[in-house]
Asks: 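Quick one: the structure is below, and I'll ask about it shortly.
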Amino acid sequence: MLDPKLIKENPQIIREMLKSRNIEFDLDGLIESDKQRREFILKTDELRKKKNQVALEISQKKKEGQDATKIFEEMKEISKKLSGLESFQVEVEKKYMHLALTIPNLVHQSVPVGKDDSANKEIKMYGKIPEFNFKVNDHIEISEKLNLVDLERAAKVAGARFYFLKNDLVRLNQALIHYALEFLAQKNYSLVQPPYMINHSSMEGAIITDDFEQVIYKIEGEDLYMIGTSEHAMAAMHSGEIIEGKDLPLRYAGISPCFRREAGAHGRDQKGIFRVHQFDKIEQFVFTRPEDSWKEHERMLAIAEEFYQNLEIPYKVMLLSSGDLGKISAKTYDIEAWMAGQNAFREIVSCSNCLDFQSRRLKIRYREKTNEETKYLYTLNSTLIATSRVLVSIMENFQNKDGHFSIPSVLQKYMGQNTI
RNA sequence: GCGGGGAUCGCCUAGCCUGGUAGGGCGUAGGAUUGCUAAUCCUAUGUCCGCAAGGACACGGGGGUUCAAAUCCCCCUCCCCGCGCCA
């Protein structure tokens, strides 16, 4: 959600944002309903004022033992008028909230303007792309041959884009998780294992309405939604709270499975475990003061980079363009890891500063001193690992001529072996 | 699932029975007093509308009764205690 003051005082900034994001949005409708909303507040406030005055009068008369029945009529009329006005106000407020909750976030000035991912900017490339003197296999071929993944039976049991992870790949998945958690714990992150289902108001605070359709699974007959990432639960964790400045920044390392509908992804990455409905993820989530947020954003990216350097996986850092940017994010870096089987860099980390967009929806504020005005804090999130994609990258980049693959050295101690 | 108790401003709490302007404490900030500190006293300290003056809202959420609801009635959520069931 954007600052309502911006809608009223500086809609030009919002118009520019929509243009740079290449998004159609009924901004005039939002401005108009915001105006109407204010008018109704003025009107109902006026009437309530009168009501309070009359109520006071009655109470005084009663105290003095006088007859007040005559004023009751006046009061009745005011109440009737008020409840009529209030029902209109509810309608106007509904329309306003719908639009206010649908509009995307502002775009930071450092974000390259462009209509889609072709305008993304490469910031950095790290590592040497591995070369092979044999025919390179993709992760599907490797995992099938070594009996590490069963896609057919997963399709039978659950459907497309599911998988049974098997044997040493289960252990490698756990090793990754283990290492990633220790890595973030050492960086002073608090470890968090959140609820895997959250209610509607929490989810609405963390995501934009479209995502309910596109990514989120709903539990039938309950006010519960499967999280698409621990970010959703962690964002809502402090909803309605006022955080003390001395406790900032709050840095959390969330671990959870992630559930995604992948609606609209038909045909893309159809096979294997690269794009699936369920995977494990370790996520960085940070609440900061606005003025610290950009420094924190870079820090989170640096932490993710360090992690892939330790894994010895070559990667590129991309700065997403305005047209490719997620709607809740003001600036996003992606890390794309090399996947030898696809002969390409593919997205593995997404690191975003969401400004006060989520905290406004969730009413998460802070203040330095208890008598100070409260301010909305900023939220940032970044993947550390989405395990299924890291597994793909490891299998493909570390593959050997004999069809087996090596385990990155930092993970070997968790596995007790150096190849699979 | 059953029975009982609860949810009031950042935190703690009064008010609920008996409906009539939501009060106090802590914390924090400013001021007064004091040689300094402590203590004491005064003021400020939620959200929204408004340029302001000012006003409205806010007692877990929703409905109802009433001229009027924190207060009475109904439904829901969550927390605590006990019982039951359970990995």
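For clarity, every value in this text was computed on a predicted model and none was experimentally measured. Numbers restart at 1 for each chain; the letters A, B, ... are given by sequence-line order, proteins then strands.
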Asks: Have A/Q399 and A/E141 got a donor and an acceptor in their side chains that come within less than 3.5 Å?
Replies: no
Asks: With a 3.5 Å cut-off and no angle check, do the side chains of A/N199 and A/S202 form a donor-acceptor pair?
Replies: yes
Asks: Surrounding NZ of A/K50 (heavy atoms of other residues, nucleotides or ligands, distance under 6.0 Å), is the total greater than 12?
Replies: no
Asks: Please report the distance separating the P of B/A14 from the corresponding atom of B/U65, rounded so that it comes out in whole Å.
Replies: 31 Å
Asks: For the CE atom on A/M75, are there more than 12 heavy atoms of other groups (residues, nucleotides or ligands in this structure) within a distance under 6.0 Å?
Replies: yes
Asks: Could you work out the separation of B/A22 and B/A58 based on their C1' atoms and round it to a whole Å?
Replies: 10 Å
Asks: Separation of A/Q36 atom CD from B/C49 atom P, in whole Å?
Replies: 16 Å
Asks: Using atom CD1 of A/I7 as one end and atom P of B/C48 as the other, report the distance to the nearest whole Å.
Replies: 14 Å
Asks: Between the side chains of A/Q358 and A/T379, does any donor sit under 3.5 Å from an acceptor?
Replies: yes
Asks: Roughly how many Å apart are B/C2 and B/C76, using the P atom of each and rounding to a whole number?
Replies: 10 Å
Asks: Can you label the angle between the A/H297 ring and the A/W294 ring as parallel, tilted or perpendicular, going by 30° and 60°?
Replies: perpendicular
Asks: Using side-chain hydrogen bond (donor to acceptor under 3.5 Å, both in side chains) as the criterion, list what pairs up with A/H238, not counting sequence neighbours.
Replies: A/E241, A/Y252
Asks: Tabulated below should be each protein N or O lying under 3.5 Å from an N or O of nucleotides 50-52 of chain B; please produce it.
Replies:
{"from": "B/G50", "atom 1": "OP1", "to": "A/R38", "atom 2": "NH1", "distance (Å)": "3.4"}
{"from": "B/G50", "atom 1": "OP2", "to": "A/R38", "atom 2": "NH1", "distance (Å)": "3.0"}
{"from": "B/C51", "atom 1": "OP2", "to": "A/K8", "atom 2": "NZ", "distance (Å)": "3.4"}

Asks: Can you tell me, in whole Å, how much space there is between the P of B/G23 and that of B/C78?
Replies: 33 Å
Asks: Given salt bridge (charged side-chain N to carboxylate O under 4.0 Å, His left out), test A/R161 with A/E262 step by step and report yes or no.
Replies: CA-CA 9 Å; A/R161 294 199 192 280; A/E262 294 291 339; 5.5 Å; no
Asks: With a 6.0 Å cut-off (strictly less than), is the heavy-atom count around CD of A/E77, excluding the residue itself, greater than 12?
Replies: no
Asks: With P as the reference atom in both, quote the distance from B/G84 to B/G25 in angstrom, rounded to an integer.
Replies: 47 Å
Asks: Base contacts versus sugar-phosphate-only contacts with protein, heavy atoms under 4.0 Å: please encode nucleotides 53-74 of chain B as B, S and - from 5' to 3'.
Replies: --BSS---------BS------
Asks: Which value, in whole Å, describes the distance between the P atoms of nucleotides B/G24 and B/A32?
Replies: 24 Å
Asks: Picking from A/Y217, A/F212, A/F259, A/Y196, what satisfies ring pair (Phe, Tyr, Trp, His ring centres under 6.0 Å) with A/Y225?
Replies: A/F212
Asks: Using a cut-off of under 3.5 Å, enumerate the N/O to N/O pairs linking the protein to nucleotides 42-47 of chain B.
Replies:
{"from": "B/U47", "atom 1": "OP1", "to": "A/T374", "atom 2": "OG1", "distance (Å)": "3.1"}

Asks: Just checking, is any N or O donor in the side chain of A/T44 or A/E86 under 3.5 Å from an acceptor N or O on the other one?
Replies: no
Asks: Provide the distance between the two P atoms, one in B/G27 and one in B/C11, to the nearest whole Å.
Replies: 16 Å
Asks: Could you note down all residue pairs passing ring pair (Phe, Tyr, Trp, His ring centres under 6.0 Å) where residues 360-382 of chain A supplies at least one of them, sequence neighbours left out?
Replies: none
Asks: Could you give the CG-to-C1' distance, from A/D223 to B/C78, as a whole number of Å?
Replies: 13 Å
Asks: Using Watson-Crick and G-U wobble pairs whose two distances are both under 3.5 Å, how do you write the pairing of RNA chain B as dot-bracket, with | for links to another strand?
Replies: ((((((((.[[[[.)....(..]]]]((((((.......))))))((((....))))..[[[[[..)....]]]]])))))))....
Asks: What distance, rounded to whole Å, do you find between the two P atoms, one in B/C67 and one in B/G62?
Replies: 23 Å
Asks: Check the distance between B/A29's C1' and A/E368's CD and give it to me in whole angstrom.
Replies: 14 Å
Asks: Around A/E373, counting heavy atoms of other residues, nucleotides and ligands shown, do more than 12 lie under 6.0 Å from its CD?
Replies: no
Asks: Both A/Q60 and A/D34 contact RNA chain B. Which one's nearest nucleotide lies toward the 5' end?
Replies: A/Q60
Asks: Indicate whether the side chain of A/Y414 and that of A/E182 have a donor and an acceptor atom separated by less than 3.5 Å.
Replies: yes
